Number of protein chains: 2
Amino acid sequence: MKTHAVLRMTKQRQIILEELCKLKSHPTADEMYQILRRKMPRISLGTVYRNLEILSDCGMIQKIDVGGTQKRFDGNADIHYHIRCLRCNKVEDIEIEPDKKLENTARQLSKYTVLRHHTEFIGICPSCLAASPA
Amino acid sequence: MKTHAVLRMTKQRQIILEELCKLKSHPTADEMYQILRRKMPRISLGTVYRNLEILSDCGMIQKIDVGGTQKRFDGNADIHYHIRCLRCNKVEDIEIEPDKKLENTARQLSKYTVLRHHTEFIGICPSCLAASPA
DNA sequence: CTACTTGCAAAAAATTTGCTGCTAT
DNA sequence: ATAGCAGCAAATTTTTTGCAAGTAG
(Lines give C-alpha, C1' and ligand atoms only; values in the text may rest on other atoms or scores of the structure.)
Protein backbone atom coordinates (compact mmCIF):
# COMPACT_ATOMS: atom_id res chain seq x y z
CA MET A 1 0.00 0.00 0.00
CA LYS A 2 1.54 3.26 -1.08
CA THR A 3 1.13 6.36 0.98
CA HIS A 4 -0.50 8.98 -1.14
CA ALA A 5 1.48 9.65 -4.27
CA VAL A 6 1.37 13.17 -5.58
CA LEU A 7 -0.84 13.36 -8.61
CA ARG A 8 0.74 14.76 -11.73
CA MET A 9 -1.33 16.48 -14.33
CA THR A 10 0.08 14.95 -17.49
CA LYS A 11 -1.17 15.83 -20.97
CA GLN A 12 -2.91 12.49 -21.13
CA ARG A 13 -4.64 12.87 -17.81
CA GLN A 14 -5.72 16.38 -18.63
CA ILE A 15 -7.15 15.52 -22.01
CA ILE A 16 -8.97 12.53 -20.58
CA LEU A 17 -10.53 14.74 -17.95
CA GLU A 18 -11.37 17.48 -20.45
CA GLU A 19 -12.92 15.23 -23.02
CA LEU A 20 -14.97 13.35 -20.49
CA CYS A 21 -16.27 16.54 -18.93
CA LYS A 22 -17.30 17.83 -22.34
CA LEU A 23 -19.58 14.88 -22.86
CA LYS A 24 -23.00 14.60 -21.40
CA SER A 25 -23.00 10.89 -22.21
CA HIS A 26 -21.41 8.24 -20.04
CA PRO A 27 -18.84 6.44 -22.12
CA THR A 28 -17.10 3.16 -21.44
CA ALA A 29 -13.30 3.09 -21.19
CA ASP A 30 -13.07 1.86 -24.74
CA GLU A 31 -15.39 4.56 -26.05
CA MET A 32 -13.19 7.14 -24.33
CA TYR A 33 -10.15 5.56 -25.94
CA GLN A 34 -11.70 5.93 -29.40
CA ILE A 35 -12.52 9.57 -28.73
CA LEU A 36 -9.11 10.35 -27.29
CA ARG A 37 -7.21 8.77 -30.15
CA ARG A 38 -8.54 11.46 -32.43
CA LYS A 39 -6.65 14.09 -30.45
CA MET A 40 -3.80 11.97 -29.22
CA PRO A 41 -3.21 9.04 -31.55
CA ARG A 42 -0.51 7.32 -29.48
CA ILE A 43 -2.42 7.18 -26.24
CA SER A 44 -2.83 3.64 -25.01
CA LEU A 45 -5.88 1.89 -23.71
CA GLY A 46 -4.00 1.03 -20.52
CA THR A 47 -3.40 4.70 -19.87
CA VAL A 48 -7.07 5.42 -20.36
CA TYR A 49 -8.05 2.73 -17.87
CA ARG A 50 -5.44 3.80 -15.35
CA ASN A 51 -6.43 7.44 -15.49
CA LEU A 52 -10.16 6.93 -15.38
CA GLU A 53 -9.53 4.86 -12.27
CA ILE A 54 -7.29 7.46 -10.68
CA LEU A 55 -9.56 10.38 -11.52
CA SER A 56 -12.55 8.62 -10.03
CA ASP A 57 -10.56 7.70 -6.92
CA CYS A 58 -9.84 11.41 -6.54
CA GLY A 59 -13.48 12.25 -6.93
CA MET A 60 -12.89 14.33 -10.06
CA ILE A 61 -15.12 12.07 -12.12
CA GLN A 62 -17.50 9.22 -11.34
CA LYS A 63 -17.21 5.58 -12.18
CA ILE A 64 -20.69 4.27 -12.79
CA ASP A 65 -20.87 0.65 -12.05
CA VAL A 66 -24.42 0.07 -13.04
CA GLY A 67 -25.78 -2.58 -15.36
CA GLY A 68 -24.30 -3.56 -18.66
CA THR A 69 -21.09 -5.43 -19.25
CA GLN A 70 -18.70 -2.52 -19.16
CA LYS A 71 -18.06 0.16 -16.63
CA ARG A 72 -18.98 3.68 -17.59
CA PHE A 73 -17.60 7.04 -16.60
CA ASP A 74 -19.25 10.34 -15.90
CA GLY A 75 -17.51 13.70 -16.04
CA ASN A 76 -20.02 15.11 -13.62
CA ALA A 77 -18.74 14.24 -10.16
CA ASP A 78 -21.91 15.39 -8.40
CA ILE A 79 -24.27 12.72 -7.21
CA HIS A 80 -27.15 12.24 -9.58
CA TYR A 81 -29.32 9.41 -10.79
CA HIS A 82 -29.13 7.57 -14.10
CA ILE A 83 -31.43 5.81 -16.49
CA ARG A 84 -30.24 2.96 -18.69
CA CYS A 85 -31.78 1.55 -21.83
CA LEU A 86 -32.34 -2.16 -21.57
CA ARG A 87 -31.87 -2.61 -25.30
CA CYS A 88 -28.90 -0.44 -26.26
CA ASN A 89 -27.32 -0.05 -22.81
CA LYS A 90 -27.00 3.69 -23.20
CA VAL A 91 -26.85 5.51 -19.85
CA GLU A 92 -28.22 9.01 -19.38
CA ASP A 93 -28.78 11.37 -16.50
CA ILE A 94 -32.22 11.72 -15.02
CA GLU A 95 -33.20 14.91 -13.25
CA ILE A 96 -34.51 13.42 -10.04
CA GLU A 97 -33.20 15.03 -6.92
CA PRO A 98 -31.21 12.38 -5.01
CA ASP A 99 -32.74 11.74 -1.63
CA LYS A 100 -30.00 12.10 0.97
CA LYS A 101 -32.42 11.19 3.75
CA LEU A 102 -32.47 7.69 2.33
CA GLU A 103 -28.90 7.29 3.52
CA ASN A 104 -29.92 8.07 7.08
CA THR A 105 -32.64 5.47 6.87
CA ALA A 106 -30.04 3.02 5.61
CA ARG A 107 -27.77 3.89 8.54
CA GLN A 108 -30.52 3.04 10.95
CA LEU A 109 -31.36 -0.24 9.27
CA SER A 110 -27.93 -1.64 8.67
CA LYS A 111 -24.66 -2.05 10.46
CA TYR A 112 -22.72 -0.61 7.58
CA THR A 113 -21.03 2.74 7.59
CA VAL A 114 -23.13 4.11 4.78
CA LEU A 115 -21.19 6.38 2.46
CA ARG A 116 -23.49 7.02 -0.45
CA HIS A 117 -26.18 5.58 -2.61
CA HIS A 118 -27.07 5.41 -6.22
CA THR A 119 -30.31 4.80 -8.04
CA GLU A 120 -30.58 3.52 -11.56
CA PHE A 121 -33.76 3.42 -13.58
CA ILE A 122 -34.10 0.84 -16.31
CA GLY A 123 -36.28 1.32 -19.33
CA ILE A 124 -36.40 1.56 -23.09
CA CYS A 125 -35.08 4.71 -24.69
CA PRO A 126 -37.14 6.56 -27.31
CA SER A 127 -34.97 5.51 -30.24
CA CYS A 128 -34.99 1.82 -29.33
CA LEU A 129 -38.73 2.02 -28.83
CA ALA A 130 -39.20 3.59 -32.23
CA ALA A 131 -36.99 0.94 -33.80
CA SER A 132 -39.12 -1.90 -32.47
CA PRO A 133 -42.17 -0.98 -30.44
CA ALA A 134 -42.81 -4.65 -29.55
CA MET B 1 -34.27 -14.59 -33.06
CA LYS B 2 -35.81 -17.76 -31.70
CA THR B 3 -39.48 -17.91 -30.87
CA HIS B 4 -39.81 -18.94 -27.27
CA ALA B 5 -38.10 -22.21 -26.55
CA VAL B 6 -39.76 -24.41 -23.99
CA LEU B 7 -37.75 -24.41 -20.83
CA ARG B 8 -36.62 -27.78 -19.53
CA MET B 9 -36.02 -28.35 -15.86
CA THR B 10 -32.76 -30.27 -15.97
CA LYS B 11 -31.02 -31.54 -12.86
CA GLN B 12 -28.44 -28.84 -13.29
CA ARG B 13 -30.94 -26.04 -13.65
CA GLN B 14 -32.88 -27.26 -10.68
CA ILE B 15 -29.92 -27.52 -8.39
CA ILE B 16 -28.67 -24.10 -9.45
CA LEU B 17 -32.04 -22.61 -8.60
CA GLU B 18 -32.31 -24.51 -5.32
CA GLU B 19 -28.86 -23.68 -4.09
CA LEU B 20 -29.16 -20.03 -5.01
CA CYS B 21 -32.52 -19.71 -3.27
CA LYS B 22 -31.09 -21.26 -0.13
CA LEU B 23 -28.53 -18.52 0.15
CA LYS B 24 -29.21 -15.13 1.55
CA SER B 25 -25.98 -13.88 0.06
CA HIS B 26 -25.57 -12.75 -3.51
CA PRO B 27 -22.92 -14.89 -5.11
CA THR B 28 -21.03 -14.34 -8.36
CA ALA B 29 -21.26 -16.97 -11.07
CA ASP B 30 -17.95 -18.41 -9.99
CA GLU B 31 -18.96 -18.56 -6.35
CA MET B 32 -22.08 -20.47 -7.40
CA TYR B 33 -19.90 -22.80 -9.44
CA GLN B 34 -17.78 -23.59 -6.39
CA ILE B 35 -20.86 -24.29 -4.30
CA LEU B 36 -22.50 -26.43 -6.97
CA ARG B 37 -19.44 -28.56 -7.59
CA ARG B 38 -19.78 -29.96 -4.11
CA LYS B 39 -23.11 -31.50 -5.07
CA MET B 40 -22.46 -32.04 -8.74
CA PRO B 41 -18.75 -32.31 -9.42
CA ARG B 42 -19.01 -32.48 -13.21
CA ILE B 43 -21.06 -29.36 -13.67
CA SER B 44 -19.34 -26.82 -15.89
CA LEU B 45 -18.87 -23.14 -15.39
CA GLY B 46 -20.48 -22.51 -18.78
CA THR B 47 -23.62 -24.29 -17.61
CA VAL B 48 -23.71 -22.17 -14.50
CA TYR B 49 -23.42 -18.97 -16.53
CA ARG B 50 -26.02 -20.11 -19.06
CA ASN B 51 -28.54 -21.10 -16.43
CA LEU B 52 -28.13 -18.06 -14.23
CA GLU B 53 -28.76 -16.01 -17.35
CA ILE B 54 -31.83 -18.02 -18.36
CA LEU B 55 -33.29 -18.08 -14.86
CA SER B 56 -32.94 -14.35 -14.53
CA ASP B 57 -34.47 -13.80 -17.96
CA CYS B 58 -37.45 -15.83 -16.74
CA GLY B 59 -37.70 -13.72 -13.63
CA MET B 60 -37.06 -16.66 -11.33
CA ILE B 61 -33.95 -15.05 -9.92
CA GLN B 62 -32.35 -11.63 -10.20
CA LYS B 63 -29.12 -10.63 -11.82
CA ILE B 64 -27.65 -7.79 -9.84
CA ASP B 65 -25.52 -5.64 -11.99
CA VAL B 66 -24.28 -3.29 -9.35
CA GLY B 67 -20.72 -2.29 -8.61
CA GLY B 68 -17.78 -4.63 -8.42
CA THR B 69 -16.16 -6.45 -11.29
CA GLN B 70 -18.44 -9.47 -11.42
CA LYS B 71 -22.14 -9.84 -11.78
CA ARG B 72 -24.00 -11.22 -8.82
CA PHE B 73 -27.17 -13.25 -8.52
CA ASP B 74 -30.00 -13.15 -6.05
CA GLY B 75 -32.40 -16.02 -5.43
CA ASN B 76 -35.00 -13.57 -4.25
CA ALA B 77 -36.77 -12.36 -7.35
CA ASP B 78 -38.72 -9.64 -5.54
CA ILE B 79 -37.51 -6.12 -5.95
CA HIS B 80 -35.46 -5.00 -3.00
CA TYR B 81 -32.51 -2.74 -2.36
CA HIS B 82 -28.93 -3.74 -1.71
CA ILE B 83 -25.92 -2.50 0.17
CA ARG B 84 -22.39 -3.19 -0.97
CA CYS B 85 -19.16 -3.06 0.98
CA LEU B 86 -16.63 -0.83 -0.71
CA ARG B 87 -13.76 -2.88 0.67
CA CYS B 88 -14.77 -6.53 0.27
CA ASN B 89 -17.46 -6.08 -2.38
CA LYS B 90 -19.92 -8.20 -0.46
CA VAL B 91 -23.53 -7.42 -1.36
CA GLU B 92 -26.37 -7.75 1.14
CA ASP B 93 -30.04 -6.93 1.25
CA ILE B 94 -31.20 -3.83 2.99
CA GLU B 95 -34.72 -3.64 4.39
CA ILE B 96 -35.78 -0.38 2.86
CA GLU B 97 -39.14 -0.46 1.17
CA PRO B 98 -38.58 0.27 -2.54
CA ASP B 99 -40.37 3.41 -3.58
CA LYS B 100 -42.51 2.59 -6.61
CA LYS B 101 -43.64 6.21 -6.86
CA LEU B 102 -40.12 7.07 -7.91
CA GLU B 103 -40.77 5.27 -11.18
CA ASN B 104 -43.73 7.51 -11.92
CA THR B 105 -41.62 10.55 -11.27
CA ALA B 106 -39.05 9.11 -13.66
CA ARG B 107 -41.74 8.59 -16.28
CA GLN B 108 -42.69 12.22 -16.09
CA LEU B 109 -39.13 13.44 -16.29
CA SER B 110 -37.78 11.27 -19.07
CA LYS B 111 -38.81 10.02 -22.45
CA TYR B 112 -37.96 6.45 -21.54
CA THR B 113 -40.47 3.72 -21.00
CA VAL B 114 -39.48 3.17 -17.39
CA LEU B 115 -39.61 -0.46 -16.36
CA ARG B 116 -38.04 -0.59 -12.95
CA HIS B 117 -35.40 0.92 -10.73
CA HIS B 118 -32.79 -0.23 -8.34
CA THR B 119 -31.01 1.47 -5.48
CA GLU B 120 -27.66 0.45 -4.14
CA PHE B 121 -26.10 1.80 -0.98
CA ILE B 122 -22.35 1.80 -0.66
CA GLY B 123 -20.55 1.62 2.64
CA ILE B 124 -18.14 -0.32 4.78
CA CYS B 125 -19.37 -3.53 6.35
CA PRO B 126 -18.85 -4.22 10.06
CA SER B 127 -16.15 -6.82 9.53
CA CYS B 128 -14.10 -4.67 7.17
CA LEU B 129 -14.47 -1.78 9.55
CA ALA B 130 -13.23 -3.88 12.45
CA ALA B 131 -10.31 -5.09 10.35
CA SER B 132 -9.10 -1.57 9.63
CA PRO B 133 -11.05 1.27 11.18
CA ALA B 134 -8.99 3.90 9.28
C1' DC C 1 16.72 14.79 -9.87
C1' DT C 2 13.37 11.38 -9.17
C1' DA C 3 9.05 9.52 -8.45
C1' DC C 4 5.20 9.17 -11.17
C1' DT C 5 3.57 8.18 -15.78
C1' DT C 6 3.42 6.49 -20.47
C1' DG C 7 3.06 3.16 -24.50
C1' DC C 8 3.39 -1.34 -25.57
C1' DA C 9 2.60 -5.99 -25.16
C1' DA C 10 1.46 -9.74 -22.57
C1' DA C 11 -1.43 -11.57 -18.89
C1' DA C 12 -5.34 -12.08 -16.18
C1' DA C 13 -10.14 -12.09 -15.23
C1' DA C 14 -14.82 -12.69 -16.63
C1' DT C 15 -17.97 -14.35 -19.77
C1' DT C 16 -19.55 -16.49 -24.05
C1' DT C 17 -19.71 -19.94 -27.59
C1' DG C 18 -19.17 -24.19 -30.92
C1' DC C 19 -19.73 -28.70 -30.84
C1' DT C 20 -20.99 -33.51 -29.92
C1' DG C 21 -23.40 -36.54 -27.36
C1' DC C 22 -27.18 -36.79 -23.70
C1' DT C 23 -31.98 -36.17 -21.80
C1' DA C 24 -36.49 -34.21 -20.50
C1' DT C 25 -40.72 -33.99 -22.42
C1' DA D 1 -38.50 -38.87 -31.49
C1' DT D 2 -36.52 -34.37 -30.99
C1' DA D 3 -35.55 -29.81 -29.51
C1' DG D 4 -33.17 -28.22 -25.86
C1' DC D 5 -29.18 -28.94 -22.77
C1' DA D 6 -24.78 -30.46 -20.65
C1' DG D 7 -19.83 -30.78 -20.51
C1' DC D 8 -15.67 -29.49 -22.41
C1' DA D 9 -12.47 -26.57 -24.42
C1' DA D 10 -11.45 -22.77 -27.07
C1' DA D 11 -12.53 -18.03 -28.10
C1' DT D 12 -13.97 -13.30 -26.86
C1' DT D 13 -14.31 -9.46 -24.23
C1' DT D 14 -12.90 -6.42 -20.67
C1' DT D 15 -9.50 -4.96 -17.58
C1' DT D 16 -4.96 -5.14 -15.40
C1' DT D 17 -0.01 -5.29 -15.20
C1' DG D 18 5.32 -5.49 -16.00
C1' DC D 19 8.67 -3.00 -17.93
C1' DA D 20 11.85 0.33 -20.06
C1' DA D 21 11.85 4.98 -21.48
C1' DG D 22 9.88 9.69 -20.82
C1' DT D 23 8.46 13.78 -18.06
C1' DA D 24 6.28 16.98 -14.54
C1' DG D 25 7.35 19.30 -10.57
Side-chain angles (χ1 to χ4, degrees), chain A residues 1-20 26-58 60-73 88-89 91, chain B residues 1-20 26-58 60-73 88-89 91:
Chain A
M1 189 194 287
K2 63 170 59 176
T3 14
H4 187 77
V6 175
L7 205 45
R8 251 182 227 177
M9 191 47 68
T10 58
K11 287 189 192 67
Q12 287 84 348
R13 189 163 294 162
Q14 186 163 345
I15 198 173
I16 289 170
L17 184 57
E18 268 177 32
E19 291 298 311
L20 181 58
H26 303 88
T28 62
D30 191 68
E31 286 166 353
M32 275 306 290
Y33 176 56
Q34 301 307 333
I35 291 168
L36 292 160
R37 292 218 293 181
R38 303 203 283 255
K39 302 223 166 181
M40 190 176 262
R42 319 263 337 217
I43 198 169
S44 78
L45 184 55
T47 297
V48 175
Y49 269 104
R50 270 185 290 228
N51 279 301
L52 288 172
E53 191 65 32
I54 289 169
L55 291 170
S56 73
D57 284 350
C58 292
M60 303 182 74
I61 65 172
Q62 270 190 81
K63 177 163 32 167
I64 46 187
D65 252 348
V66 292
T69 49
Q70 295 165 56
K71 288 184 186 142
R72 291 179 174 274
F73 296 87
C88 69
N89 269 313
V91 176
Chain B
M1 191 192 290
K2 64 170 57 176
T3 14
H4 187 76
V6 176
L7 208 43
R8 254 185 226 176
M9 191 47 70
T10 59
K11 287 190 192 64
Q12 289 82 350
R13 189 163 294 162
Q14 188 163 345
I15 199 173
I16 289 170
L17 185 57
E18 269 177 31
E19 291 297 312
L20 181 59
H26 303 88
T28 62
D30 191 67
E31 285 165 355
M32 275 306 290
Y33 176 56
Q34 302 305 334
I35 291 167
L36 292 160
R37 292 219 293 184
R38 303 203 282 255
K39 302 222 164 179
M40 190 176 263
R42 321 260 338 215
I43 199 169
S44 78
L45 183 56
T47 297
V48 175
Y49 269 104
R50 270 187 289 231
N51 278 300
L52 289 172
E53 191 66 32
I54 289 168
L55 292 170
S56 74
D57 283 350
C58 291
M60 303 180 75
I61 66 172
Q62 269 189 81
K63 177 162 34 164
I64 45 185
D65 251 350
V66 292
T69 50
Q70 295 165 59
K71 287 182 186 143
R72 291 178 174 275
F73 296 87
C88 69
N89 269 314
V91 175

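Naming convention: chains lettered A, B, ... in sequence-line order (proteins, then strands); numbering from 1 in each chain. Keep in mind the model is a prediction, meaning the values are calculated, not measured.
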**Q** Five pairs per end, C1' atoms only: what is the angle between the end axes of the helix from C:dC1-D:dG25 to C:dT25-D:dA1, to 10 degrees?
**A**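 The angle, to the nearest 10 degrees, is 50°.
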**Q** Is the shortest heavy-atom distance from the side chain of A:Gln62 to the side chain of A:His26 under 4.5 Å?
**A**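 They are not in contact (no side-chain heavy atoms under 4.5 Å apart), so the answer is no.
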**Q** Once you round it to whole Å, what is the distance between P of D:dT14 and CZ of A:Arg72?
**A**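 Taking atom P of D:dT14 as the reference, CZ of A:Arg72 is at 11 Å.
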**Q** Pick the nucleotide of DNA chain C nearest each of B:Thr69 and B:Leu7; which residue has the one closer to the 5' end?
**A**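 Looking at the nearest nucleotide for each, B:Thr69 comes out on the 5' side.
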**Q** Nearest 0.5 Å please: distance from the CD1 atom of B:Ile16 over to the OH atom of B:Tyr33.
**A**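 Answer rounded to 0.5 Å: 11.5 Å.
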**Q** Looking at A:Thr10, I'd like to know whether one of its side-chain N or O atoms comes within less than 4.0 Å of OP1 or OP2 on C:dT6.
**A**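 Result: yes.
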**Q** Can you tell me the distance, in whole Å, between the CE atom of A:Met9 and the C1' atom of C:dT6?
**A**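 Atom-to-atom, A:Met9 to C:dT6, this comes out as 15 Å.
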**Q** Working to the nearest 0.5 angstrom, can you tell me the gap between B:Gln34 CD and B:Leu45 CG?
**A**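 Atom-to-atom, B:Gln34:CD and B:Leu45:CG are 8.5 Å apart.
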**Q** For DNA chain D, determine which residues of residues 42-58 of chain A have any heavy atom closer than 4.0 angstrom to one of its atoms, and list them numerically.
**A**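 Close to the strand are A:Leu45, A:Gly46, A:Tyr49, A:Arg50.
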**Q** Taking C-beta and beyond as the side chain, do A:Glu19 and A:Ile15 meet within less than 4.5 Å on heavy atoms?
**A**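 Side chain of A:Glu19 against side chain of A:Ile15, heavy atoms only: contact under 4.5 Å found.
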**Q** What is the separation between atom CZ on A:Arg13 and atom C1' on C:dG7, rounded to the nearest whole Å?
**A**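 So the two atoms are 15 Å apart, to the nearest Å.
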**Q** Could you walk me through whether A:Lys63 and A:Asp57 pass side-chain contact (heavy atoms from CB on, under 4.5 Å), step by step?
**A** CA-CA 9 Å; A:Lys63 177 163 32 167; A:Asp57 284 350; 5.7 Å; no
**Q** Under 6.0 Å from the CE atom of A:Met60, do we count more than 12 heavy atoms belonging to anything else shown?
**A**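 Open.
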**Q** Counting only side-chain nitrogens and oxygens, does A:Gln12 get under 4.0 Å of the OP1 or OP2 atom of D:dT23?
**A**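 For A:Gln12, the contact criterion (side-chain N or O under 4.0 Å from OP1 or OP2 of D:dT23) is not met.
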**Q** Closest heavy-atom contact between A:Lys71 and B:Thr69?
**A**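 Taking A:Lys71 first and B:Thr69 second, the nearest heavy atoms are NZ-CG2, 3.6 Å.
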**Q** Could you state the atom-to-atom distance from CD1 of B:Ile15 to P of C:dA24 in whole Å?
**A**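 Atom-to-atom, B:Ile15 to C:dA24, this comes out as 14 Å.
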**Q** Rounded to the nearest angstrom, tell me the gap between atom CD in A:Gln34 and atom P in D:dT14.
**A**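 Atom CD in A:Gln34 sits about 12 Å away from atom P in D:dT14.
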**Q** Give the rounded distance in Å between these two atoms: CG of B:Leu36 and P of D:dA6.
**A**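 Going from B:Leu36 (CG) to D:dA6 (P), I get 12 Å.
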**Q** Give the rounded distance in Å between these two atoms: CD1 of B:Ile16 and P of D:dA6.
**A**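 My rounded result for the distance is 7 Å.
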**Q** Using OP1 and OP2 only, check whether a side-chain N or O of B:Lys11 sits under 4.0 Å from C:dA24.
**A**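 Answer yes for this pair, as a side-chain N or O of B:Lys11 is under 4.0 Å from OP1 or OP2.
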**Q** Is there side-chain contact between A:Leu52 and A:Leu20, with heavy atoms separated by less than 4.5 Å?
**A**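 Yes, close enough: below the 4.5 Å cut-off.
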**Q** Looking at the side chain of A:Arg8, which of C:dT25, C:dC4, C:dT15 is the nearest nucleotide?
**A**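 Ranking C:dT25, C:dC4, C:dT15 by closest atom to the A:Arg8 side chain puts C:dC4 first.
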**Q** With sequence neighbours left out, which residue pairs that include part of residues 6-15 of chain B fulfil the side chain to side chain donor-acceptor pair (under 3.5 Å) condition?
**A**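 Listed by first then second residue: B:Arg13-B:Asn51.
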**Q** Figure out the CD/C1' separation between B:Gln14 and C:dA24, and round it to whole Å.
**A**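 Atom CD in B:Gln14 sits about 12 Å away from atom C1' in C:dA24.
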